[in-house]
Each structure stands twice: as structure tokens, then as C-alpha cells.
Amino acid sequence: GPGDEAYRAWLAPASVYLALLGSVEWLWLIEQSFMFDVRFAAYIGAGVVVFALGMWLGERRWQWLSVLPTAVGLTFFWLVTSSGDRHRAWDVLGVLCLGAQQVWGRRASGSANLPRNLQSAYILAATLCAWALVTSWMEPWRGGAFTLAAGWSIFAVAVFGAGLALRERLYRWLGLTILGVTLLRIAAVDIWRLDSLDRVVSGFVLAGTLLGLGYLYNRYHEKWRGLL
């Protein structure tokens, strides 16, 4: 009857508030119970669990609620990055959870489907975090010319390949963007650390790479348009 409708209308937001309080409590427990090295993965994992509950219950509000532990985890990640501390292997699990959550939410049907803007946010967050991990782990070898740029190049190709495999245009654009940043770094920073002969050789290699990319795009631009 009408009373049941009013009760359900009251119960729906109340359940979200209770879930929000539970999420905050969960974050506090993670802060108190998990070691520093594991916290990023633990925060992201908590977001995945809340997201999974939303998928199971068919409640999109719970999916948005999962953003809270995810946002806390990302904030923690970038605070570690800005402090100069090296990231740990556990952080890879957190990045993989971000990507898997986006794929899962995209492939769901009906009301459980993840909104497109939230999907894009997860893709961007996972890619930037993975890029930061690559940069952090290349730190001991940064003294060698082009070492960091080589790592970035491999990562850019991997991101672009992930975009092809998952049919996600944003991954493909991010891969090309990272590759562009890498080429700019080589031209503006790395090449000037070499002696004169190596600098000339490297300049020719860089110019040849750019010319080759331009030729491939000009010859196969129709196929590139389909990919991008």
C-alpha cells in the first residue's frame, strides 16, 4: 500500500547512508591494520568490494559509493609518489584492480553498467598510476641516457596494445600521448646529456623515427582513423 511505498522511499537513501558510514569505518580499519606498503592495494580492493556489492544488488548508487575508497587510495598513491618514496610490488595489484573494475563495469548490462564518465576516470587513473610505477622503478637506472625514455616507450606501446585488446579508445590515445611525451623528453633532455658524436647519432635516430611515423600515418591514415 501507500505506507509500503513511503517506507521503501525512506529506506533506499538510508541504506546508502549506512553503507557510506560502513565505508568510512572500513577505511579507518585499513589505515590501522594494514602495513604501509599494502595500503594502496587495500584501499582499491575495498572500492572493488563495494562496487561488486552494487553490481550484485543492481544499485548504481553503491557503484558511485565505491569511488570513496578508490579516491582515498589514489590520494595515498600520489602522496607516496610526491614524497619520492619508491612504490612496491603490491601497488601493481591496486592498478590492476582499477583496470579490471572498469572492464567489469563496462561489460555489465542494464542498471549495473558503469557510467561512461566513471569508466574514463578509472582508465585515466590506472594508466597514470602505472606510468608512475614505471618511472619509480626506473629510478636506479636513470643515470644512463635514454633508459627512462626506453621504459616509457615500452609502457606506451603496452597501453596502446591494451586499448586494441580491450577496444578502449582512451587507452589508445593515452598510449600515443605517453609516446609523444617520451619523444619530447628525448629531444629536450636526454639527447643533451650525450657527447657530441652520440648526440648526432641520436638526433638522426629520433628524426628517422618521427619521419617513419609520419610516413606510416600518411600511408595508412584510414586504418589509423579506425583504430583511434
Side-chain angles (χ1 to χ4, degrees), residues 40-41 43-52 54-56 60 63-64 66-67 69-71 73-74 77-78 81 87-138 146-186 209-210 212-228:
F40 170 64
Y43 287 133
I44 301 300
V48 171
V49 171
V50 176
F51 179 81
M55 296 277 286
W56 180 54
R60 180 164 290 188
Q63 295 176 16
W64 283 101
S66 70
V67 173
T70 301
L74 290 173
F77 180 92
W78 289 110
T81 302
H87 291 284
R88 305 300 192 266
W90 278 102
D91 293 339
V92 176
L93 178 60
V95 172
L96 292 175
C97 285
L98 280 173
Q101 190 171 342
Q102 181 272 325
V103 174
W104 186 14
R106 185 195 68 178
R107 295 183 176 179
S109 59
S111 61
N113 186 267
L114 195 65
R116 186 61 199 176
N117 53 353
L118 194 53
Q119 288 187 42
S120 299
Y122 278 118
I123 290 174
L124 183 61
T127 303
L128 292 179
C129 287
W131 193 5
L133 289 179
V134 172
T135 304
S136 174
W137 290 336
M138 297 297 290
F146 294 105
T147 303
L148 184 62
W152 284 5
S153 300
I154 295 171
F155 176 67
V157 173
V159 172
F160 188 86
L164 294 177
L166 299 173
R167 298 181 181 179
E168 284 288 356
R169 178 169 294 184
L170 183 54
Y171 274 126
R172 298 195 291 269
W173 276 109
L174 287 171
L176 292 177
T177 300
I178 294 170
L179 182 60
V181 171
T182 303
L183 293 175
L184 287 175
R185 177 187 170 84
I186 292 173
T209 301
L210 295 175
L213 289 174
Y215 170 78
L216 291 174
Y217 179 80
N218 185 61
R219 184 175 179 86
Y220 302 106
H221 64 278
E222 293 298 334
K223 291 184 179 180
W224 277 99
R225 287 180 183 177
L227 290 175
L228 300 177

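No hydrogens, no waters, no symmetry mates; every other heavy atom, side chains included, goes into these values. Since the structure is predicted, the reported quantities are computational estimates derived from the model, not experimental observations.
What you find for Thr127 and Phe155 is that their closest heavy atoms are O-CZ, 3.6 Å. Minimum interatomic distance between Thr70 and Gly47 (heavy atoms only, all atoms of both residues): OG1-CA, 3.9 Å. For the pair Thr182 and Trp152, the tightest heavy-atom approach, listed with the atom from each and the gap, is OG1-CB, 3.2 Å. The two residues Cys97 and Ile44 make their nearest non-hydrogen contact at CB-CG2, 3.6 Å. Residue Gly99 comes nearest to Ala126 through the heavy atom pair N-CB, 4.1 Å, listed as atom of the first residue, atom of the second, then distance. For Ser66 against Gln101, the heavy-atom pair with the smallest separation is OG-NE2, 3.7 Å.
Judged purely by atom type and a 3.5 angstrom limit, Ser136 has no side-chain atom pairing as donor or acceptor with the backbone of Ala132.
Partner of Leu174 under the side-chain contact (heavy atoms from CB on, under 4.5 Å) criterion, out of Ile123, Leu179, Leu128: Ile123 alone.
Between Leu74 and Tyr43 the shortest side-chain heavy-atom distance does not fall below 4.5 Å. In this structure the side chain of Ser120 never reaches within 4.5 angstrom of the side chain of Leu124, judged on heavy atoms. No side-chain heavy atom of Ile178 sits less than 4.5 Å from a side-chain heavy atom of Phe160. Counting heavy atoms from C-beta on, the side chains of Arg106 and Tyr122 never come closer than 4.5 Å.
Residue-environment remark: CH2 (Trp78) exceeds the threshold of 12 foreign heavy atoms within 6.0 Å.
Here the CG atom belonging to Leu183 is positioned 12.5 Å from the CZ atom belonging to Arg185, to the nearest 0.5 angstrom. To the nearest 0.5 Å, atom CG of residue Leu133 and atom CZ of residue Phe40 are 7.5 Å apart.
Taking the six-membered ring where the residue is Trp, Phe51 and Trp104 present perpendicular rings, their angle passing 60° and hence far from 30°.
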